Amino acid sequence: MKFFAATLALLATVASPVAAHYRFTSLIVNGTTTTAYQYVRPYTSYNSPVTDVSSSAFTCNQGATSAPGIAWTKAGNKIGFALDQAIYHAGVLNVYMAKVPSGQTAATWNGSGSAWFKVGQISAVTNGGSSITFPTDNLSSYTFTVPSKLPDGDYLVRIEHIALHAASSFGGAQFYIACGQIHVFGGGSTLPSSYVSIPGVYNGNEPGIKINIYYPIPATYTQPGPAVWS
């Protein structure tokens, strides 16, 4: 069993540079998948994920530039991201939002500083050590509800899929990242009381990031990042 699990981990590591290229390319707004990179910031890292959680690329991916549009969505409605192909690495998912500072727009702000809060996630499923499964397997899109109490204004929304197939050593987790540009209307007047910086939210040694998912099978799984705010 130990040999088999180690072989799986090795094969995953060897295969990853070639196969690791699914991307979040489109926003889903009002139930419609929009044109690729119409509202999602394009980036230059087409075939490789981000592995350095302290890099400036960790915000919106390597070489990310402004998208041409800002999608409008009502607070309390669902929005989401669609991929160019289904997720095929075992892993988990987080979504963060950040309100754009006064004087800037969702197209101009770089997402710097302590401004991000989590609004969605998909974790792993464990049962005490006999198995671990990943509901993001074969996922081709993900939607979440924009908190109804958020104030009106421009926001960045950032999605990450954390691939864990080669995460047993530091820096082995692969982050598939994209940022969307939105404007929220019809909202409330409440923002979270605490925020995180991206980069800065992780140090790479978290038990949900540096983890061997093959052997021994984890008895539990701790989702990286803060709790979901709604």
Side-chain angles (χ1 to χ4, degrees), residues 22-43 58-61 64-84 86-87 92-123 135-136 139-162 175-198 201 223-230:
Y22 50 87
R23 295 171 289 160
F24 296 95
T25 56
S26 302
L27 276 187
I28 301 170
V29 185
N30 297 322
T32 299
T33 300
T34 58
T35 302
Y37 302 113
Q38 180 181 3
Y39 305 114
V40 173
R41 293 186 172 183
Y43 49 90
F58 199 66
T59 309
C60 291
N61 215 317
T65 57
S66 297
I70 298 173
W72 282 54
T73 184
K74 187 176 181 181
N77 283 1
K78 283 187 174 295
I79 63 168
F81 286 83
L83 295 105
D84 60 349
I87 291 171
V92 299
L93 181 146
N94 289 318
V95 180
Y96 293 87
M97 290 180 65
K99 193 172 191 308
V100 175
S102 176
Q104 300 198 59
T105 72
T108 63
W109 184 47
N110 64 4
S112 61
S114 182
W116 297 89
F117 52 96
K118 189 189 287 188
V119 291
Q121 66 179 30
I122 302 177
S123 192
T136 61
L139 198 73
S140 59
S141 65
Y142 175 72
T143 59
F144 67 96
T145 300
V146 176
S148 60
K149 53 193 175 183
L150 278 181
D152 294 0
D154 280 12
Y155 290 80
L156 289 182
V157 55
R158 175 189 179 275
I159 193 165
E160 63 182 18
H161 182 253
I162 310 174
F175 293 80
Y176 296 81
I177 300 166
C179 287
Q181 302 172 176
I182 68 170
H183 179 88
V184 173
F185 67 93
S189 58
T190 303
L191 282 165
S193 58
S194 62
Y195 302 90
V196 297
S197 300
I198 302 176
V201 61
Q223 184 78 359
V228 172
W229 183 84
S230 59

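Just so you know, residue 1 is the first one in the sequence shown, and it goes up from there. Keep in mind the model is a prediction, meaning the values are calculated, not measured.
- For the pair Q121 and N94, the tightest heavy-atom approach, listed with the atom from each and the gap, is CB-OD1, 3.5 Å.
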Please evaluate residues V40 and F24 with respect to the criterion side-chain contact (heavy atoms from CB on, under 4.5 Å), reporting the C-alpha separation (whole Å), side-chain torsions for both, the decisive distance (0.1 Å), and the verdict.
CA-CA 8 Å; V40 173; F24 296 95; 5.7 Å; no
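- Between T32 and N30, the side chains place no donor N or O within less than 3.5 Å of an acceptor N or O (distance only, hydrogens not considered).
- Counting heavy atoms from C-beta outward, Y22 and L139 have side chains that stay 4.5 Å or more apart.
- In this pair, F175 and F58 present their aromatic rings perpendicular. The plane angle is above 60°, beyond the 30 to 60° band.
- For K74, the NZ atom sits in a loose shell: 12 or fewer heavy atoms of surrounding residues, nucleotides or ligands are nearer than 6.0 Å.
- Side-chain contact between V119 and P147 is present, with heavy atoms from C-beta onward closer than 4.5 Å.
- When all heavy atoms of I159 and V95 are compared, the pair lying nearest together is CG1-CG2, 3.8 Å.
- With hydrogens and angles left out, the side-chain atoms of Q104 and N110 include no donor and acceptor closer than 3.5 Å.
- Residues passing the salt bridge (charged side-chain N to carboxylate O under 4.0 Å, His left out) test with R41, sequence neighbours excluded: none.
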Go through it in stages, so that I can follow the logic: the residues are V92 and I162, the test is side-chain contact (heavy atoms from CB on, under 4.5 Å), and I'd like the CA-CA distance, side-chain angles, deciding distance and then a yes or no.
CA-CA 5 Å; V92 299; I162 310 174; 4.0 Å; yes
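- With 3.5 Å as the limit, one finds no donor-acceptor pair spanning the side chains of Y142 and H161.
- Of all the heavy atoms in S26 and T33, the pair that sits closest is CB-CG2, 3.8 Å.
- The two residues Y155 and V184 make their nearest non-hydrogen contact at CD1-CG2, 3.6 Å.
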Report the C-alpha distance between E160 and I198 in whole Å, list the side-chain angles of each, state the deciding distance to 0.1 Å, and finish with yes or no for side-chain contact (heavy atoms from CB on, under 4.5 Å).
CA-CA 11 Å; E160 63 182 18; I198 302 176; 6.0 Å; no
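- What you find for P42 and Y37 is that their closest heavy atoms are CA-CD2, 3.6 Å.
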